[in-house]
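For reference, the structure is listed below as structure tokens.
Chain naming here is simple, since letters A, B, ... match the order of the sequence lines and numbering starts at 1 in each.
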Protein chains: 2
Amino acid sequence: MMPKDRIAQPADAEYTLIRRALEIISGKWRLYLILLLDEHTLRYSELRQRLPAVSEKVLAGELKALVTLGVIRRDVFAEVPLRVEYTLTSKGRSALPILRQMKQIGQIFNEHFDAT
Amino acid sequence: MMPKDRIAQPADAEYTLIRRALEIISGKWRLYLILLLDEHTLRYSELRQRLPAVSEKVLAGELKALVTLGVIRRDVFAEVPLRVEYTLTSKGRSALPILRQMKQIGQIFNEHFDAT
DNA sequence: CGGCATCCTTATGGATACTG
DNA sequence: CAGTATCCATAAGGATGCCG
């Protein structure tokens, strides 16, 4: 979020928008969840299998946060046993091209040190 | 960093590169520092004035981290009083266009909720 | 001036048992 | 099956005093 009690700067408008973008992929697992759900709609147990190192609390919490942000959608099917599916929303999908462009930054900083 | 003990997925290569990109803007102040230094080279005290809410420890630590990552450069001028200037490196500058594209994601998620 | 060292508070992530 | 609740561990950020 915005730091408090600071002098307004021209960079603030940019900062705020980029921060909002970062919010959807902050944390250790959100980016993974988005990339996985770009491939398929998945149910809760399938996400757990693909992310074995994440705890129940964190997985459920991150999914809930992404739903609130409007990145993914949660569909409940009142079957027995219960089925819950998670799907990227159109807004979530629209963010993917730019997320994938960020790989370019990653590649730039994989190269050798060049402090010019 | 990469989560440990998980099954390898096709998304891993993407995840790793995007994570590396995120590393340079993770934390509460790095994005601010980069945007400020894109406008001018600044000395330590000037950065402090423009970011009044940041503590000495955090500011100095983040600057050091960005130098280590190769995003910014630290130039020391052995004057009295001492002068230290921070400047974006060419690698740092090359990341800016993509960072600015992320504003598009921010705008998408500023719009009304649309869970399709 | 430009930090670093120390101590403290808060945020994030995790393990595990239990529930609708 | 798909979570919640509780408690715990670690990391990130902050306040402040001191030093080259």
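- For the helix from C:dC1-D:dG20 to C:dG20-D:dC1, the angle separating the two terminal helix axes comes to 50°, with each axis derived from five pairs and the value rounded to 10°.
- Side-chain contact between A:Asp75 and A:Thr41 is absent, with no heavy-atom pair separated by less than 4.5 Å.
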Tabulate atom names and distances for all N/O pairs under 3.5 angstrom spanning the protein and nucleotides 16-20 of chain D.
none

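- Linking ILVMFWY side-chain heavy atoms closer than 4.5 Å, directly or via other members, places B:Phe77 and B:Leu47 in two distinct hydrophobic clusters.
- For the pair B:Ile72 CD1 and C:dG2 P, the interatomic distance rounds to 14 Å; values are reported in whole Å.
- Side chain to side chain, B:Tyr44 and B:Gln49 fail the donor-acceptor criterion of an N or O pair below 3.5 Å.
- Annotation: of the two residues near DNA chain D, A:Pro81 and A:Ala60, the 5′-most nearest-nucleotide partner is A:Pro81.
- Residues satisfying the side-chain contact (heavy atoms from CB on, under 4.5 Å) criterion with B:Leu17, sequence neighbours excluded, are A:Lys103, A:Gln107, A:Asn110.
- When rounded to the nearest whole Å, the span between CD of A:Gln49 and C1' of D:dA2 equals 13 Å.
- The salt bridge (charged side-chain N to carboxylate O under 4.0 Å, His left out) search around A:Arg74 returns none, not counting sequence neighbours.
- Distance, B:Leu33 CG to D:dG13 P: 11 Å, rounded to whole Å.
- To the nearest angstrom, P of C:dG3 lies 13 Å from CG of B:Leu42.
- B:Leu63 places its CG atom 14 Å from the C1' atom of C:dC4, with the value rounded to the nearest Å.
- Ionic pairing of A:Glu85 and A:Arg83 is present here: one or more N-O contacts between side-chain nitrogen and carboxylate oxygen are shorter than 4.0 angstrom.
- For C:dG3, the OP1/OP2 oxygens have a side-chain nitrogen or oxygen of B:Arg74 closer than 4.0 Å.
- Close to C:dG3, at under 4.0 Å from its OP1 or OP2, lies a side-chain N or O of B:Tyr86.
- Applying the salt bridge (charged side-chain N to carboxylate O under 4.0 Å, His left out) criterion to A:Arg93, with sequence neighbours excluded, gives no partner residue.
- Per the geometry, CD belonging to B:Glu85 stands 15 Å off P belonging to C:dC1, to the nearest Å.
- Rounded to whole Å, the distance from CH2 on A:Trp29 to P on C:dG13 is 10 Å.
- B:Lys28 has a side-chain polar atom (N or O) that falls below the 4.0 Å cut-off from OP1 or OP2 of D:dG14.
- By the salt bridge (charged side-chain N to carboxylate O under 4.0 Å, His left out) test, A:Arg30 pairs with A:Glu62, sequence neighbours left out.
- Dashed line: the shortest gap from a side-chain N or O of A:Arg43 to OP1 or OP2 of D:dA2 is under 4.0 Å.
- Among the protein residues, B:Gly61 comes within range of no part of the nucleic acid, since none of its heavy atoms lies under 4.0 Å from any strand.
- The side chain of B:Lys64 places an N or O atom within less than 4.0 Å of a non-bridging phosphate oxygen (OP1 or OP2) of C:dC4.
- Distance, A:Arg83 CZ to C:dG20 P: 23 Å, rounded to whole Å.
- Residue-level contact check: B:Val84 touches the backbone only, with heavy atoms under 4.0 Å from sugar-phosphate atoms and none from bases.
- Distances shorter than 4.0 Å separate some side-chain N or O of B:Ser45 from OP1 or OP2 on C:dG2.
- Checking side-chain atoms of A:Thr87 against main-chain N and O of A:Arg73 turns up no donor-acceptor pair under 3.5 Å.
- A side-chain donor-acceptor contact under 3.5 Å links A:Tyr32 and B:Asp12.
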